[in-house]
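A quick write-up on the structure given underneath.
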2 protein chains.
Amino acid sequence: MDNLGETIRKLREEKELPLRTVAAYLDIDQAILSKIERGQRNATREQVVKLAMYFNIKESDLLVSWLSDKLVYEIGDEQVALEALLVAEEKVKHQKSKSKK
Amino acid sequence: MDNLGETIRKLREEKELPLRTVAAYLDIDQAILSKIERGQRNATREQVVKLAMYFNIKESDLLVSWLSDKLVYEIGDEQVALEALLVAEEKVKHQKSKSKK
DNA sequence: AAATGTTTTGACTAATCATGTCAAAAATAT
DNA sequence: ATATTTTTGACATGATTAGTCAAAACATTT
């Protein structure tokens, strides 16, 4: 239910790691990680996967945080936000039912 | 509950208008409109608003189709699609409750 | 079946946005 | 006060998006 940024900041602070260290693991500048943690930048999918590895948490949980963040961002301040989300659900369910691998 | 593309193609064909005519109204090449109707391109918000005007239908209905299409597109083929949509709903509801204009 | 009208396709271009670096400023801890 | 860490913002670069254009494919008439 949390944002990706808040989540990983908590994890990082629990372990008392500086941005520098985690950023090095992700192979990006600490500035970006700082922005990701505060919700000013979106992480890439690869970064999310790496973060789950790094902090040893369930990848899909972190992906849900990340993807839902992106969806909220895409919605912006549209009045029809909630309705669009409901319709999107229907569409996803429907396309899932007819997906061939 | 429909896709934007399908919806406006139906409307256009009911009125027996060529792509050319509607595209001219939107001030884009007919090629793009063709692609929008077949879901190969996303319309811009402005185009959606103009289309609602043009076909004289409720703007918010068309915006819901358009935005939900975009959300589905953004989700791609993520496994966590449905869960992310639910979480996004929660986040939107929450941010709405604390929104100041 | 030729001619005309419509739609689709794909190569290309321009503009916008995403992702990142870097260095300095601001904040925090020693 | 010095060190360390975090934040900020200007900038570079690459990817994506939105568009044009012309030709090919498809439908209709005549």
Side-chain angles (χ1 to χ4, degrees), chain A residues 3-52 54-55 62-63 65-78 84, chain B residues 3-55 62-63 65-78 84 88:
Chain A
N3 295 332
L4 176 74
E6 292 171 16
T7 303
I8 64 177
R9 170 147 293 189
K10 254 180 232 158
L11 288 165
R12 184 175 63 79
E13 288 180 342
E14 271 170 23
K15 307 202 168 169
E16 299 191 348
L17 299 164
L19 286 169
R20 183 170 29 85
T21 307
V22 181
Y25 179 80
L26 297 178
D27 199 30
I28 54 173
D29 194 280
Q30 48 176 213
I32 296 180
L33 184 55
S34 169
K35 285 165 189 169
I36 289 172
E37 286 187 348
R38 282 167 306 116
Q40 294 190 196
R41 285 277 179 110
N42 254 92
T44 68
R45 195 183 193 287
E46 289 66 44
Q47 288 161 356
V48 175
V49 171
K50 279 191 181 176
L51 285 165
Y54 190 82
F55 289 118
L62 216 53
L63 283 172
S65 298
W66 165 75
L67 185 51
S68 59
D69 279 353
K70 287 211 305 172
L71 294 177
V72 170
Y73 178 81
E74 174 126 8
I75 285 166
D77 57 357
E78 287 288 347
Chain B
N3 295 332
L4 177 75
E6 292 171 15
T7 303
I8 64 177
R9 169 147 293 190
K10 255 180 228 156
L11 287 166
R12 183 175 63 79
E13 288 180 341
E14 271 170 22
K15 307 204 167 172
E16 300 191 346
L17 298 165
L19 287 169
R20 185 169 28 84
T21 307
V22 181
Y25 179 80
L26 296 178
D27 200 30
I28 53 173
D29 194 280
Q30 47 176 213
I32 296 179
L33 184 54
S34 169
K35 284 164 188 169
I36 289 172
E37 285 187 349
R38 283 166 307 114
Q40 293 189 198
R41 286 278 180 107
N42 251 93
T44 68
R45 196 184 192 284
E46 289 66 43
Q47 288 161 355
V48 175
V49 170
K50 278 191 182 179
L51 285 165
M53 290 270 298
Y54 190 81
F55 289 118
L62 216 53
L63 284 172
S65 298
W66 165 75
L67 185 52
S68 58
D69 280 353
K70 287 211 304 173
L71 294 176
V72 170
Y73 178 81
E74 174 124 8
I75 286 166
D77 57 356
E78 288 288 346

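So that the names make sense, note that chain A is the first sequence line, chain B the second, and so on, each numbered from 1.
- For A:S68 against B:A88, the heavy-atom pair with the smallest separation is CB-N, 3.8 Å.
- Look at B:R12 and you'll find a side-chain N or O under 4.0 angstrom from OP1 or OP2 of C:dT7.
- Between A:L19 atom CG and D:dT7 atom P there is a gap of 6 Å when expressed in whole angstrom units.
- OP1 and OP2 of D:dT6 both lie 4.0 Å or more from every side-chain N or O belonging to A:S34.
- Legend: side-chain hydrogen bond (donor to acceptor under 3.5 Å, both in side chains) pairs involving residues 12-31 of chain A, not counting sequence neighbours, sorted by first then second residue: A:R12-A:E37.
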Detail all sub-3.5 Å separations between protein N/O atoms and N/O atoms belonging to nucleotides 21-30 of chain C.
from, atom 1, to, atom 2, distance (Å)
C:dT21, OP2, A:D29, N, 2.5

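- Taking NZ from B:K70 and CG from B:L63, the interatomic distance works out to 10.0 Å, rounded to the nearest 0.5 Å.
- Look at CD on B:Q40: it is 15 Å from P on D:dG19, rounded to the nearest Å.
- Annotated as syn: D:dA3, whose O4'-C1'-N torsion sits within 90° of 0.
- Per the geometry, CZ belonging to B:R45 stands 14 Å off P belonging to D:dA18, to the nearest Å.
- Rounding to the nearest 0.5 Å gives a distance of 5.0 Å between CG of B:L62 and CG of B:L4.
- Going from atom CD1 of B:I36 over to atom C1' of C:dT7 covers 14 Å, rounded to whole Å.
- Residues A:Y54 and A:L17 have side chains in contact (heavy-atom distance under 4.5 Å, counting atoms from C-beta outward).
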For nucleotides 13-17 of chain D, print each protein N/O atom paired with a nucleotide N/O atom at under 3.5 Å, atom names and distance only.
none

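- OP1 or OP2 of C:dT6 lies within a sub-4.0 Å distance of a side-chain N or O belonging to B:R20.
- Taking OG1 of A:T7 as the start and CG of A:D69 as the end, the distance is 8.5 Å to the nearest 0.5 Å.
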B/S/- along nucleotides 25-30 of chain D (protein heavy atoms under 4.0 Å) is ------
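- In this structure, CD of B:E37 is placed 7 Å from P of C:dT8, rounded to the nearest angstrom.
- Within the 3.5 Å criterion, the main-chain N or O of B:T44 finds a donor-acceptor partner in the side chain of B:Q47.
- Atoms CG and CG, on A:L67 and A:L71 in that order, are 4.5 Å from each other to the nearest 0.5 Å.
- Considering every non-hydrogen atom in both B:N3 and B:S65, the closest pair reads C-CB, 4.3 Å.
- Atom pair B:K15:NZ and C:dT6:P shows a separation of 18 Å (rounding to whole Å applied).
- Atom-to-atom, CD of A:E13 to C1' of D:dT4 comes out at 15 Å; the value is rounded to the nearest Å.
- Considering only side-chain N and O atoms, B:R38 lies nowhere under 4.0 angstrom from the phosphate OP1 or OP2 of C:dT7.
- With sequence neighbours excluded, the residues satisfying side-chain contact (heavy atoms from CB on, under 4.5 Å) with B:I32 are B:I28, B:I36.
- When rounded to the nearest whole Å, the span between NZ of B:K70 and P of D:dA18 equals 8 Å.
- Note on the helix from C:dA1-D:dT30 to C:dA27-D:dT4: terminal axis deviation equals 30°, with five pairs used at each end and the result rounded to 10°.
- Looking at heavy-atom distances under 4.0 Å, B:Q47 makes contact with sugar-phosphate atoms alone, never a base.
- Using a 4.5 Å heavy-atom threshold, the side chains of A:V22 and A:F55 count as touching.
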